[in-house]
Amino acid sequence: MADGESKSRFKRQKMTDDGSDRANPYLAHMHNGAEERDQGVGLSDGHANGHSNGRATGGGTSLASFKRHATTSKQHTVAEDGPANPLNGNNLSKRYFGILKTRRDLPVHAQRQEFLDMYQNTQVLVFVGETGSGKTTQIPQFVIYDDLPQSQGKMVACTQPRRVAAMSVAQRVAQEMDVTLGEEVGYSIRFEDMTGPKTILKYMTDGMLLREAMNDHDLKRYSTIILDEAHERTLATDILMGLLKEVVRRRPDLKLIIMSATLDAQKFQKYFMNAPLLAVPGRTHPVEIFYTAEPERDYVEAAIRTVLQIHATEPEGDILLFLTGEEEIEDACRKINMEADEMVREADAGPLKVYPLYGTLPPAQQQRIFDAAPAPFKPGGRPGRKVVISTNIAETSLTIDGIVYVVDPGFSKQKVYNPRIRVESLLVSPISKASAQQRAGRAGRTRPGKCFRLYTEGAFKKELIDQSYPEILRSNLASTVLELKKLGIDDLVHFDLMDPPAPETLMRALEELNYLACLDDEGELTTLGKLASDFPLDPALAVMLISSPEFYCSNEILSLTSLLSVPQVFVRPAAARKRADEMKDLFAHEDGDHLTVLNVYHAFKSPAAQENPKQWCHDHFLSYRALQQADNVRLQLKRIMEREEVELVSTPFDDKKYYENIRRALVAGFFMQVAKKDSGGKSYVTVKDNQSVLLHPSTVLGQDSEWVLYNEFVLTSKNYIRNVTAVKPEWLLDIAPTYYDVDSFSKGEVKTSLQRVKDKVNRRTGYKAASGR
DNA sequence: GTAAATTCT
């Protein structure tokens with residue numbers, strides 16, 4: 001592999017980096033006259049409402065003289081210079097002043113006054129800050145100094161799409177403000193509320209704020225809400241934007257800041273009644289982009305070749321390669337390792353260390369990507385290098401310093417939803433231009449880097465879409481619709497979303513909720529629906545849980561619901577499949593996978609296993625993390641059940657009906673996910689939409705069950721149903737009579753079969769078939 | 001006879 005060869009496949013394109021040249025057309029230029037503004041004395045009126053909740057009020061601190069929404073950057077910097085902490089009057093630490101210096105070097109700091117001028121003069125502000133601008137840590141602090149939420153007895157919220165981000169940013173900002181995390185600055189995520197009575201700045205996940213909105217439609221606890229990373233367009237962010245658009249109308253005192261990393265900010269501006277925009281440049285190193293001259297046929301093979309060429313020809317620096325899934329990544333790791341060994345032997349190459357990275361990898365193994373690159377074989381020899389092969393987890397969630405080369409084949413697995421067959425599935429699809437930029441940017445975090453795109457420049461320009469479709473357009477909306485109803489949105493069709501989903505998707509969701517009796521025929525929330533929306537669960541799971549006391553097994557269904565809302569508990573390493581399967585057989589229940597996983601949970605909770613649960617899980621090929629997480633979820637759900645007075649009951653274990661009751665309770669939630677064996681005897685057909693499906697080979701269920709209920713529909717090489725339990729058709733007619741109205745079924749085997757069962761039941765109970773509803 | 005991008009309440 002000669003040097004020239006590596007370059008020949010790539011056409012060099014002249015550009016600094018996707019966006020590091022940020023001569024920004026949207027940059028707001030405002031006259032900076034605020035310095036002369038009167039520096040009001042005394043706290044604003046809000047201080048007089050006499051809230052005695054122990055919040056920091058600024059009294060006795062340098063903030064006491066600040067006039068709300070009329071402060072200046074100069075005032076802020078004077079206050080920050082100490083000597084007392086502006087928030088609580090304490091002495092400031094040495095570390096504080098050290099951090100203060102670096103904070104003032106951040107690009108956002110240069111525009112602090114500009115930001116204040118806009119913030120003070122508008123209710124909604126769109127803020128664009130590229131990577132490295134400091135927006136996530138600094139803007140909320142600027143806001144605190146001007147909004148003085150403590151004087152209103154309120155807080156400033158800043159949302160993040162991911163839990164880790166909310167936690168780590170809060171930690172960092174607490175340090176910057178020299179306060180204890182959880183006091184003036186805190187965070188709130190599921191299972192963990194690190195806030196207290198003094199908290200005035202709260203980082204939180206977007207999902208968490210959405211939950212809060214369900215019980216407080218006006219979000220009255222907040223004086224300013226900052227939606228960060230809005231460009232990621234998570235489902236929760238989209239719903240919050242729709243909601244907040246209405247809330248700002250109802251609450252003129254609420255300020256809203258939409259923060260985004262892309263220049264596609266006009267869309268946000270337009271959506272929010274032409275809100276003003278402020279843009280701040282980022283600070284990253286330039287990344288040189290290379291494209292292939294011709295399209296690649298096999299992107300995995302091309303990617304491996306490119307990684308090896310970089311290793312052979314490029315100067316020191318680590319490599320990040322993006323692939324789409326676990327199997328592809330493990331496969332590429334193996335191949336690169338083999339080739340690298342050969343390069344070391346035959347071409348005197350430096351050592352190459354390869355690390356896989358994907359979501360389901362245990363945390364300890366994920367940590368290994370942060371190991372330093374290997375040292376040269378001998379002092380002064382060819383440099384060692386680290387290669388990380390990752391899914392798009394490294395695109396946003398995880399940042400690896402030291403990456404200088406990025407290899408981007410241009411694909412990722414994405415969720416798609418097909419409302420016609422009501423199936424969410426994962427599909428390998430081309431990424432968007434925004435993703436490609438994000439990936440390239442990963443090469444320029446510590447020094448100038450290079451990005452090798454395994455597609456042509458023409459393809460980048462013409463074939464990639466600008467932005468990935470927002471999640472709301474790719475999801476089953478059943479739980480979203482339920483949430484919206486609970487948020488007080490009555491007219492879903494006219495609810496102003498940035499990207500409204502297809503009418504068919506909405507119809508499907510409404511229909512599903514109606515069958516689940518969460519919405520009545522008028523589309524209004526029922527008592528059951530209200531209760532279901534209190535649980536952080538899919539509607540079918542929530543309904544199953546709420547109905548379970550009627551089947552005398554709510555304790556067991558509570559466990560099962562928790563198990564179904566965490567990742568798979570069975571571990572099946574490629575090297576030990578057979579042993580793993582044998583272990584699974586120990587827990588198998590002949591009536592299906594639900595009862596099997598429940599057996600696992602009960603065994604996990606037994607004193608014997610709890611003696612050393614980690615070891616026990618390892619020995620039994622079970623995921624300790626998943627089971628622990630299930631335990632956590634169970635506790636949270638149990639608290640909600642107690643609060644809402646959903647009874648916790650069990651059928652005695654020695655009762656003949658113990659397992660049958662659980663299977664019947666499953667039907668109460670999942671009656672829409674039932675399949676009947678085909679006349680051929682091998683495959684199954686789903687009731688109502690007549691899809692041919694196969695039992696997933698991982699099921700413990702034998703082939704002799706006529707009717708089965710399933711949890712998941714998996715589209716891979718074939719249509720599989722997974723997590724399957726045998727049910728009786730009588731139960732379907734009994735528990736879900738509206739859905740199993742035999743007359744509504746289209747002609748076919750399912751209908752005939754159901755009719756036969758119905759007649760039999762009617763004969764037995766003495767009713768005439770005709771008298772049935 | 002076998003798959004699971006990612007994230008969230």
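Naming convention: chains lettered A, B, ... in sequence-line order (proteins, then strands); numbering from 1 in each chain. Heavy-atom basis, side chains included; hydrogens, waters and symmetry copies ignored.
Atom NZ of A:Lys638 has 12 or fewer heavy atoms from other residues, nucleotides or ligands within 6.0 Å. Heavy-atom contacts from other residues, nucleotides or ligands closer than 6.0 Å to OH of A:Tyr624 number more than 12.
Counting only N and O atoms by type, the side chains of A:Gln467 and A:Arg233 include no donor and acceptor under 3.5 Å apart. A donor and an acceptor atom, one from each side chain of A:Thr237 and A:Glu232, are nowhere located under 3.5 Å apart.
Side-chain N/O atoms of A:Arg572 and base N/O atoms of B:dT2 include a donor-acceptor pair closer than 3.5 Å.
A:Glu328 contributes a side-chain N or O that, together with a main-chain N or O of A:Thr324, makes up a donor-acceptor pair within less than 3.5 Å. For A:Gln366 (side chain) and A:Tyr358 (main-chain N/O), a donor-acceptor pair under 3.5 Å exists by modelled atom type. Remark: the backbone N or O of A:His696 is not paired with any side-chain donor or acceptor of A:Thr699 at under 3.5 angstrom. Although no hydrogens or angles enter the test, the distance criterion places a donor-acceptor pair under 3.5 Å between the side chain of A:Asn599 and the main chain of A:Phe587.
Checked against B:dT2, B:dC8, B:dA5, the side chain of A:Tyr720 finds its nearest nucleotide in B:dT2. Ranking B:dT9, B:dA4, B:dG1 by closeness to the A:Pro697 side chain, first place goes to B:dG1. Here the nucleotide nearest the side chain of A:Met208, chosen from B:dA5, B:dT9, B:dT7, is B:dT9. Which of B:dT7, B:dT9, B:dA4 sits closest to the side chain of A:Pro536 comes down to B:dT9. Considering only the side chain of A:His696, B:dT2 comes nearest among B:dA5, B:dT2, B:dA4.
The CZ atom of A:Arg474 sits 11 Å away from the C1' atom of B:dT7 (whole-angstrom rounding). The distance between atom CD1 of A:Ile393 and atom P of B:dC8, rounded to the nearest whole Å, is 10 Å. Rounding to whole angstrom units, CG of residue A:Asn723 and P of B:dA4 are separated by 13 Å. In this structure, CD of A:Glu232 is placed 11 Å from P of B:dT7, rounded to the nearest angstrom. Regarding A:Glu424, its CD atom lies at a distance of 13 Å from the P atom of B:dA4, rounded to whole Å. Atoms CZ (A:Phe322) and C1' (B:dT6) sit 13 Å apart, rounded to a whole Å. Rounding to whole angstrom units, NZ of residue A:Lys415 and P of B:dT6 are separated by 13 Å. Regarding A:Lys718, its NZ atom lies at a distance of 13 Å from the C1' atom of B:dA3, rounded to whole Å.
Of the side-chain N and O atoms in A:Arg163, one or more sit less than 4.0 angstrom from OP1 or OP2 of B:dT9.
Residue A:Glu326 is in sugar-phosphate contact alone, with no base atom involved, counting any heavy-atom pair closer than 4.0 Å across all strands shown. At the heavy-atom level, A:Asp581 lies under 4.0 Å from base atoms of the strands shown. Note on A:Arg577: nothing from the nucleic acid sits closer than 4.0 angstrom, heavy atoms only. Note on A:Thr205: only backbone sugar-phosphate atoms sit closer than 4.0 angstrom, heavy atoms only; bases stay farther off. If you check every strand for non-hydrogen atoms under 4.0 Å, A:Gln636 touches nothing. A:Ser412 comes within 4.0 angstrom of nothing in the nucleic acid, heavy atoms only. Nucleic acid contact class of A:Val714 (heavy atoms, under 4.0 Å, all strands): sugar-phosphate only. Backbone-only contact: A:Arg162 has heavy atoms under 4.0 Å from sugar-phosphate atoms and none from a base. Across all strands, A:Leu235 comes closer than 4.0 Å to no nucleic acid atom at all (heavy-atom distances).
For the contact set between residues 557-567 of chain A and DNA chain B, defined by any heavy atom under 4.0 Å, there are no members.
In this structure, OG in A:Ser390 is found 6.0 Å from CZ in A:Phe322, a value given to the nearest 0.5 Å.
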